[in-house]
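Reviewing the structure listed below.
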Amino acid sequence: MAKVIGAIVVNNEKCKGCEVCIPVCGPDVIRMSSEVNLKGYHYAYMETPQACTGCTNCGIVCPDGAITVYRMKVED
Amino acid sequence: MAKVIGAIVVNNEKCKGCEVCIPVCGPDVIRMSSEVNLKGYHYAYMETPQACTGCTNCGIVCPDGAITVYRMKVED
Amino acid sequence: MDIKDIIKPENLVYKNTELMTDNTLSYCPGCGHGTAHNVVMGVIEELGISEDTIGVAPVGCSVLAYEFMDVDMQQAAHGRAPAVATAIARTWPDKYVFTYQGDGDLAAIGTAETIHACNRGENIVIIFVNNGIYGMTGGQMAPTTLPNMPSSTSPYGRDTATTGFPLKITELVANLPGVYSASRHAVHTHKHVRKAKKAIEKAFKDTRLKKGLSIIEIVSNCNSGWKMTPCQSNQWMEENMFPFYELGDIKVNGKLVNK
Amino acid sequence: MDIKDIIKPENLVYKNTELMTDNTLSYCPGCGHGTAHNVVMGVIEELGISEDTIGVAPVGCSVLAYEFMDVDMQQAAHGRAPAVATAIARTWPDKYVFTYQGDGDLAAIGTAETIHACNRGENIVIIFVNNGIYGMTGGQMAPTTLPNMPSSTSPYGRDTATTGFPLKITELVANLPGVYSASRHAVHTHKHVRKAKKAIEKAFKDTRLKKGLSIIEIVSNCNSGWKMTPCQSNQWMEENMFPFYELGDIKVNGKLVNK
Amino acid sequence: MTEELIIAGFGGQGVLSLGKILAYSGIMQNQEVSWMPSYGPEMRGGTANVTVILSDERISSPYLKLFDTAIILNQQSMDKFESSVKPGGVLIYDPNGISIHPKRKDIFIYQIDANNIASDMGNKKVYNMVIMGGYLKAKPVVQLDNVVEGLKKSLPERYYNLIPLNVEAIQKGMENLVTINQELILN
Amino acid sequence: MTEELIIAGFGGQGVLSLGKILAYSGIMQNQEVSWMPSYGPEMRGGTANVTVILSDERISSPYLKLFDTAIILNQQSMDKFESSVKPGGVLIYDPNGISIHPKRKDIFIYQIDANNIASDMGNKKVYNMVIMGGYLKAKPVVQLDNVVEGLKKSLPERYYNLIPLNVEAIQKGMENLVTINQELILN
Amino acid sequence: MAELKLMKGNEALAEAAIRAGVDAYFGYPITPQTEIIEYLMMEQPEKRTGMVVLQAESEVAAINMVYGAAGTGKRVLTSSSSPGMSLKQEGISYMAGAELPAVIVNVVRGGPGLGTIQPSQADYFQSVKGGGHGDYKLYVLAPASVQEMADFVEDAFEIAFKYMAPVLILSDGLIGQMMEKVYLKEQKPRWTEDEIYKMHNNWATFGRKNGRERNIITSLDLKSEKMEARVHRLYKKYAQMEAEDLRFETIQCDDADYVIVAYGSSARIAQKTVDLARAKGIKVGLLRPITLFPFPKKQLMELTKQVKGILSVELNMGQMVEDVRLAVEHKVPVEHFGRTGGIIHTPEEILEALQQKLINN
Amino acid sequence: MAELKLMKGNEALAEAAIRAGVDAYFGYPITPQTEIIEYLMMEQPEKRTGMVVLQAESEVAAINMVYGAAGTGKRVLTSSSSPGMSLKQEGISYMAGAELPAVIVNVVRGGPGLGTIQPSQADYFQSVKGGGHGDYKLYVLAPASVQEMADFVEDAFEIAFKYMAPVLILSDGLIGQMMEKVYLKEQKPRWTEDEIYKMHNNWATFGRKNGRERNIITSLDLKSEKMEARVHRLYKKYAQMEAEDLRFETIQCDDADYVIVAYGSSARIAQKTVDLARAKGIKVGLLRPITLFPFPKKQLMELTKQVKGILSVELNMGQMVEDVRLAVEHKVPVEHFGRTGGIIHTPEEILEALQQKLINN
Ligand SMILES: Cc1ncc(C[n+]2csc(CCOP(=O)(O)OP(=O)(O)O)c2C)c(N)n1
Ligand SMILES: Cc1ncc(C[n+]2csc(CCOP(=O)(O)OP(=O)(O)O)c2C)c(N)n1
Ligand code: SF4
Ligand code: SF4
Ligand code: SF4
Ligand code: SF4
Ligand code: SF4
Ligand code: SF4
Ligand SMILES: [Mg+2]
Ligand SMILES: [Mg+2]
């Protein structure tokens with residue numbers, strides 16, 4: 001059976017560390033970095049990348065358009 | 001039996017000859033004078049005073065407050 | 001029976017209220033503004049509140065209301081009477097404050113002030129004289145002008161496709177919780193006058209009870225702007241204005257009247 | 001499976017619309033304005049109308065919308081976007097014209113312009129971002145602020161006795177015949193975004209069909225003004241704003257939705 | 001030639017349009033003209049007046065204090081403008097509704113009973129054309145055929161049929177001008 | 001004595017309140033003070049800065065081009081204000097988030113690792129008081145007990161229990177100021 | 001060929017606007033200028049030329065409509081009178097800041113407040129010094145005849161687009177309400193959409209056609225450096241206006257011992273004063289500024305070599321007189337004579353004032 | 001006894017208003033003055049003194065609220081910043097015309113248009129020449145410190161009621177946003193209703209108590225003669241203000257060779273320039289007009305006997321400089337130096353400008 005796997009790319013400098021992408025992520029993939037970007041914000045990253053389904057929810061709700069989402073099917 | 005009779009006094013200089021007192025007068029008492037007042041208006045007067053019932057309708061609708069109404073009962 | 005015998009102080013049954021001054025009204029012959037003035041002042045006289053009443057009249061044909069109404073009066077900028085009245089009512093909470101506004105004033109330039117005074121539920125009475133036109137400036141189209149009705153800025157009749165439909169602002173503001181009562185009246189016949197007086201009386205009383213804002217719309221004629229004789233204009237009003245602007249209660253004691 | 005194998009052009013399933021510029025948004029972290037921008041621009045991109053679209057953003061946090069939205073934009077005076085948009089739509093009847101307004105802007109200072117653009121049925125789309133507060137100036141009370149909700153000008157909570165109840169302006173203008181559609185949405189979750197996009201898409205299409213005005217209210221957060229974290233504010237919004245500002249259609253294709 | 005004229009009366013008397021027709025008549029004979037109404041709330045049934053200037057030269061001030069001629073159609077206007085006629089000038093008035101008649105001895109004074117003449121003609125609307133006739137009798141500043149041209153310019157075409165009636169009214173006016181004071185005492 | 005100071009950093013770092021407490025401290029020792037923030041949209045997560053002047057005399061301009069001291073808390077502020085320190089003046093900065101360190105040789109330069117100190121103290125909110133400590137070490141313009149009085153003035157009474165923690169932070173700051181450049185090359 | 005008509009100033013302006021190919025008018029009724037919108041509505045310009053005419057809900061809405069349409073490269077007109085002009089000040093300041101071309105007409109009546117509906121020139125300061133907030137100026141044309149009410153419409157649009165700036169036609173109730181002969185120009189076509197696309201592609205917001213970069217209309221610059229640069233750009237234009245587009249008229253100034261400075265209706269009245277004075281043997285001339293900004297400063301300075309005094313005649317309490325004094329740098333006595341509150345001075349009064357204030361003094 | 005606080009100018013003004021016993025405040029938020037209404041709301045003055053504080057739906061509504069309450073004899077305050085002030089112009093003109101006492105605060109930001117939220121003095125013309133329509137003037141106080149922000153509230157109300165006229169406090173973003181020490185006066189009681197009945201019985205509209213004749217608030221006079229008389233009455237007051245209530249401050253002018261004229265924040269900055277200049281041996285003084293109308297004309301004229309030149313320093317493109325030139329009748333060179341768009345000049349820059357424009361010239 002085909003399984004769907006995904007990944008997100010966060011534009012660290014665009015990210016403002018607002019965390020609103022976290023609650024919409026079913027598999028709870030996202031966490032905030034301990035580093036800050038040039039504007040002083042902790043930015044989002046995939047803490048558990050293998051769990052990402054590429055559902056795009058995080059991208060859709062990101063106010064700063066910082067997230068790009070990729071998805072592909074893999075055979076089980 | 002007691003009958004009600006009325007009379008109106010028109011303040012000729014206040015009257016602007018608008019004629020809106022005419023249609024509200026049931027007994028059709030009022031007419032416009034052929035004379036004009038100082039402002040150039042034909043003013044209202046009782047053409048058939050004996051018909052006036054003192055109902056106050058004309059006074060109530062006169063925009064310029066030009067009409068005073070009197071009424072008394074007389075024995076038939 | 002001689003007329004002179006009837007015309008005696010003891011037989012007096014109607015004279016215009018003392019609260020109208022002796023100044024000659026600036027209105028055109030037959031204009032409903034005069035009657036509306038008499039009615040409002042009559043109510044204030046009957047309630048005996050003239051010493052505690054402040055009126056506000058903005059620009060419109062009734063801009064000179066202060067020459068005619070024998071109470072303290074403020075002349076307000078075009079459209080701003082509700083704001084002016086708000087401030088008076090807020091700083092003198094135990095007074096009776098009313099505005100006397102035209103439809104151009106209340107429903108065009110003054111829309112924001114109207115809506116927000118209504119929404120805040122200011123304890124004021126709005127007397128809203130709707131003659132479907134800008135009388136003062138010579139008969140231009142108002143937001144309230146009827147479809148196809150000619151005016152000097154809609155000489156071929158109001159085209160609803162480009163200017164929208166007449167704005168029933170009283171119905172609109174009645175939706176706001178701050179409006180306690182809203183009703184529509186006329187004053188061209190004694191019967192209508194009596195009803196209007198009742199509504200205005202209740203409005204002033206509710207103001208004292210801090211119930212919020214009451215708006216009394218008076219559908220009236222503008223014979224000059226409509227280019228008719230006064231009597232024609234009253235008839236035209238009955239035939240054309242009343243079907244659109246239905247007379248009667250719109251909101252009573254905080255409750256919308258179902259139609 | 002390595003992440004690098006997934007992150008390939010052919011696997012791209014979501015990136016922000018091209019119609020958002022690269023400029024860093026001026027909004028606070030987590031502010032719904034950003035998402036609302038993305039949504040509106042996404043629709044315009046999908047419809048392929050960016051070359052025929054003019055946007056108008058008045059003063060409010062989104063005053064710099066022109067830095068972010070990659071279409072022709074006019075910055076309007078506080079409250080006046082509907083008037084500005086009216087003129088654009090009238091002189092360019094074949095273009096798509098939208099406003100992007102805040103609640104202070106649209107429902108306070110701009111009340112008259114809002115009501116009259118709606119009443120005339122201008123062929124414009126109003127995107128109305130209601131965050132219940134004046135974000136830009138630092139969180140003052142807006143006409144839309146909820147009862148008892150604190151703000152910098154109602155620090156002890158909005159007192160409805162002195163400031164009135166929150167103004168449901170979308171419901172109010174839905175009563176006007178010139179308004180073709182009115183609905184209320186949110187954009188803090190993907191589900192809400194999808195619904196909002198549909199409504200906005202329909203609004204732009206109806207504009208082309210000269211159906212009149214469509215207003216899309218987006219209930220949004222102002223975490224700074226509300227003094228919460230973004231996630232808290234979204235939750236607070238669901239718990240407090242949505243019950244009062246019910247999401248969904250208010251008027252569809254000229255017909256009020258019965259509730 | 002320069003004629004500086006004021007016409008003053010009630011709102012409904014056709015004061016403004018009389019002035020306008022005169023101005024158009026002036027144009028028809030290649031004159032410079034100006035027409036300056038008093039406007040305002042007085043229009044509401046109150047008084048109305050208009051200053052008309054016809055001249056062979058460029059007109060400077062359209063607003064004047066003194067006039068060559070005053071046409072006065074009610075008492076208020078008489079009170080206001082009797083004194084504004086230049087010595088040696090002309091005052092024409094309709095005696096209807098005038099209680100205090102003009103007293104000046106240094107101007108020519110004429111009456112025109114336009115109200116009754118128009119009533120007799122069965123059409124109150126020609127009132128101002130009767131006045132026009134009286135005026136042209138006293139001061140033939142424009143020729144009658146130019147007035148007709150002026151009328152055409154100021155009337156919509158659908159009213160052209162009324163022109164003969166208007167001309168008749170003008171002629172009636174000319175015939176019925178009554179001289180009140182013709183011997184000037186200038187001091 | 002006149003101290004002209006600028007404090008510049010991110011919005012959330014307590015820049016404005018640090019300035020305010022300093023100003024209050026000045027008042028406690030009978031000085032004239034002024035506190036002039038840059039305000040505006042930058043407050044929205046962007047940079048914030050405030051000019052504070054403490055003086056024994058009446059203060060003329062609250063707005064300055066050059067400063068005796070600059071406290072700099074992020075890179076943008078470093079870019080903007082390094083050059084605004086008067087020759088011979090003082091620059092204090094938090095090295096966290098600073099990629100381009102100050103290069104001037106004609107001023108005294110200090111570092112204060114306030115971010116980590118505050119973290120270590122378990123309360124990020126005392127960040128600006130650590131800075132205060134560093135500053136007072138470098139420039140003891142106000143006495144510690146006046147700072148405590150100043151804190152009282154600027155805090156609501158319900159927060160008075162936090163004063164000891166703040167004092168501790170100030171002391172930590174004093175202890176941890178690192179000198180970077182002390183030999184001035186003035187030319 | 002020019003067409004001869006007898007028209008009110010207001011009507012002539014409206015007709016000239018249609019003939020000039022103006023795209024849109026937005027306005028709100030107010031005496032003494034309501035004939036402008038009334039005339040337009042009567043003429044159905046949407047049929048004659050496609051011009052859009054809309055009665056706005058207020059002056060505030062009207063000026064912001066002008067902002068909107070002007071921002072798309074269209075030629076837009078509005079008109080009002082004094083109280084309404086006060087309400088437009090924010091919008092005017094925005095247009096100056098956003099560098100939008102448009103023509104605004106003020107048919108002045110007497111203030112302050114509701115005042116009177118009679119003619120006045122008491123809005124000089126508001127018009128010339130900037131009634132709105134911030135550093136800006138308006139190019140101000142002051143018509144003195146019905147003919148100029150008509151002619152200045154096109155002139156104003158030319159200036160507006162030359163400088164990308166709002167232009168004010170400052171008339172008054174007298175010029176607006178009087179009728180005179182007027183020669184009307186032939187109908188010009190409105191700009192086609194393609195013409196607008198071409199001419200205004202680099203700034204106007206009509207949709208970013210053919211993939212060009214987006215255009216933005218704004219008066220905002222949160223960075224003060226940029227804002228200052230914007231203001232300096234504006235003031236460069238104003239300097240250019242002074243250098244290139246000053247307009248004025250002199251009447252019998254060549255041999256004048258005294259000069260009256262007056263604009264608009266006052267200039268008309270004062271022209272008669274010149275005649276009255278010369279009839280009495282007093283050599284009076286008239287300098288009529290046609291543009292109030294730019295102001296004929298040099299011309300006035302030039303006159304100081306010759307005249308004994310200058311009288312600024314205005315329907316107000318003394319406004320333009322300040323600019324006259326600044327222009328002549330106090331080299332000759334400058335006096336003011338004016339009536340206010342809607343009262344119009346007579347030619348005779350002006351002469352009397354001139355004699356009293358400058359000659360018998 | 002006076003209480004010492006550290007406060008923003010805006011806050012000090014708000015607190016002073018409560019303590020002065022002001023009856024009502026109506027306003028609409030706008031940077032950089034929103035702290036005024038925020039402070040008032042936080043202080044719950046309805047509890048402290050019974051003062052009414054209402055956030056209006058707009059600046060237009062706010063100024064008309066002021067009109068309404070002022071018309072009843074109450075002491076009413078409003079505040080705004082530049083774009084909002086433009087919207088208030090109609091209302092201000094009405095108040096001037098109707099002779100209503102009230103205090104209006106403008107915390108100026110950079111224009112034109114939306115401009116910038118940084119400090120500016122580019123609303124000088126609007127404030128002093130009359131941004132609204134018609135012939136009128138405002139008494140204008142220009143605070144230069146937080147202390148004056150507080151003190152001028154009471155002063156302004158005194159003037160407002162002395163002359164029955166609106167008074168403007170013209171501040172700017174710098175004075176409004178900065179904190180300084182401020183000594184606050186003790187709480188004064190608000191006027192009781194009975195006091196108002198007595199004091200203002202002859203004009204205010206609080207109901208025609210005890211059968212007195214009705215009072216009327218209006219700015220309308222349809223008869224031009226009456227309107228002219230009204231305007232003349234206003235101008236008599238303005239003359240009296242000039243005679244009795246001019247305020248200014250001189251700093252080191254006694255021996256000055258050059259004088260800087262500056263008000264508000266510019267005066268504060270220029271004061272430092274005076275020090276810098278004197279340190280360099282250039283004798284510079286500062287004349288600070290505290291009232292912008294009335295303007296210290298005579299004092300400036302007096303200075304012409306002694307100084308070689310005057311520099312008008314303003315945060316604008318040159319506005320007050322016109323009044324300086326008019327005041328000194330071009331007897332000495334008068335130059336302008338200013339920054340705009342929200343940029344604030346430094347003391348050093350001013351000195352440089354003075355040297356360039358007046359000394360090395
Ligand atoms: C700011 C402003 N704009 C316009 C006007 C002109 N104006 C005076 S009254 C009026 C409309 C009056 O219409 P309405 O309110 O319906 O009153 P009505 O005369 O019909 O009773 C207008 C447009 C004004 N006085 N002030
Ligand atoms: C005439 C005018 N008045 C006031 C302001 C100040 N101001 C700017 S935005 C704003 C309110 C913004 O609130 P809202 O419209 O709800 O937008 P938000 O920032 O919440 O998105 C105010 C009062 C202004 N710019 N112009
Ligand atoms: S794409 Fe979906 S699963 Fe992946 S991180 Fe985003 S929200 Fe989580
Ligand atoms: S929603 Fe966007 S900006 Fe917010 S934390 Fe996630 S990636 Fe960053
Ligand atoms: S009182 Fe009645 S009956 Fe008598 S005249 Fe008047 S309306 Fe007629
Ligand atoms: S209603 Fe009054 S004004 Fe009209 S005609 Fe009758 S009496 Fe005269
Ligand atoms: S114009 Fe109309 S509303 Fe005004 S007074 Fe005349 S009839 Fe009445
Ligand atoms: S202040 Fe509020 S509305 Fe404005 S950007 Fe911040 S969160 Fe968004
Ligand atoms: Mg009306
Ligand atoms: Mg908001």
Side-chain angles (χ1 to χ4, degrees), chain E residues 2 4-7 15-44 46 48-67 83-84 86 142 146-147 149-156, chain G residues 4-11 31-35 42 107 109-110 114-119 144-147 172-183 251-252 262 265-276 286 288 313 315 339 342-352:
Chain E
T2 295
E4 298 177 333
L5 165 74
I6 185 144
I7 315 171
V15 162
L16 299 185
S17 71
L18 167 54
K20 192 170 165 185
I21 292 162
L22 256 175
Y24 255 125
S25 311
I27 291 183
M28 291 306 123
Q29 51 195 46
N30 281 319
Q31 286 180 301
E32 298 299 318
V33 302
S34 80
W35 174 97
M36 177 67 217
S38 83
Y39 57 90
E42 309 98 78
M43 285 170 98
R44 206 139 291 157
N49 71 65
V50 60
T51 299
V52 176
I53 306 177
L54 308 178
S55 177
D56 297 329
E57 281 151 57
R58 178 175 163 184
I59 293 165
S60 54
S61 177
Y63 178 79
L64 301 165
K65 194 176 153 191
L66 298 174
F67 304 91
S83 60
S84 305
K86 293 179 196 166
V142 284
N146 285 326
V147 176
E149 289 303 303
L151 270 169
K152 281 190 185 161
K153 279 280 181 182
S154 42
L155 287 176
Chain G
L4 174 63
K5 289 225 176 192
L6 178 72
M7 286 182 126
K8 282 193 174 191
N10 288 334
E11 296 166 346
T31 308
Q33 62 78 51
T34 307
E35 292 86 358
M42 187 60 91
V107 183
R109 55 191 252 182
L114 190 51
T116 148
I117 54 181
Q118 300 303 317
S145 65
V146 172
Q147 186 66 50
D172 62 54
L174 193 145
I175 304 291
Q177 292 295 325
M178 77 186 286
M179 287 204 198
E180 288 187 315
K181 272 159 72 161
V182 54
Y183 294 91
I251 293 173
Q252 305 199 50
S265 58
S266 283
R268 287 293 292 272
I269 296 164
Q271 203 178 321
K272 179 136 192 163
T273 305
V274 172
D275 295 340
L276 295 177
L286 173 69
R288 171 167 85 96
V313 174
L315 289 171
R339 298 298 300 266
I343 296 209
I344 303 169
H345 32 227
T346 59
E348 291 81 2
E349 262 181 327
I350 297 173
L351 180 55
E352 209 173 297

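Within every chain, numbering begins at 1; the chains are lettered A, B, ... in the order of the sequence lines, protein sequences first and strands thereafter. Hydrogens, waters and symmetry mates are skipped; everything else that's a heavy atom, side chains included, is used.
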**From Arg268(G) atom CZ to Ile59(E) atom CD1, the distance as rounded to the nearest 0.5 Å** = 7.5 Å
**Prompt:** Taking every heavy-atom pair that is under 4.5 Å apart, which of Ala144(G), Gly173(G), Ala270(G) has the most such pairs with chain E?
**Reply:** Gly173(G)
**Where at least one partner belongs to residues 21-35 of chain E, residue pairs that pass salt bridge (charged side-chain N to carboxylate O under 4.0 Å, His left out), sequence neighbours excluded** = Glu32(E)-Lys181(G)
**Request:** Give, as side chain, backbone, both or neither, the part of Glu348(G) having an atom under 4.5 angstrom from any heavy atom of chain E.
**Result:** side chain
**Request:** To the nearest 0.5 angstrom, please state how far the OG atom of Ser34(E) sits from the CE atom of Met179(G).
**Result:** 11.5 Å
**Prompt:** How long is the gap from CG on Leu4(G) to CE on Met28(E), to the nearest 0.5 Å?
**Reply:** 7.0 Å
**Request:** Looking only at non-hydrogen atoms, find the nearest pair between Lys8(G) and Trp35(E) and report the distance.
**Result:** CE-CZ3, 3.8 Å
**Asked** Do Val33(E) and Glu180(G) pass the side chain to side chain contact (heavy atoms under 4.5 Å, CB included) test, and can you show the C-alpha distance, the side-chain angles, and the key distance before you say yes or no?
**Response** CA-CA 6 Å; Val33(E) 302; Glu180(G) 288 187 315; 5.7 Å; no
**Request:** Heavy-atom pairs under 4.5 Å with chain G are the metric here; pick the option from Leu66(E), Val50(E), Ile27(E) that has the most.
**Result:** Ile27(E)
**Asked** In Å and rounded to the nearest 0.5 Å, what is the NZ to NE2 distance from Lys65(E) to His345(G)?
**Response** 13.0 Å
**Asked** How long is the span from the CD1 atom in Ile269(G) to the OG atom in Ser60(E), to the nearest 0.5 Å?
**Response** 9.5 Å
**Inter-residue atom distance Leu6(G).CG - Lys20(E).NZ, 0.5 Å rounding** = 6.5 Å
**Message:** Applying side chain to side chain contact (heavy atoms under 4.5 Å, CB included), can you list everything that pairs with Glu4(E), at least two apart in sequence or on another chain?
**Reply:** Thr2(E), Ile53(E), Leu64(E), Asp68(E), Lys86(E), Lys272(G)
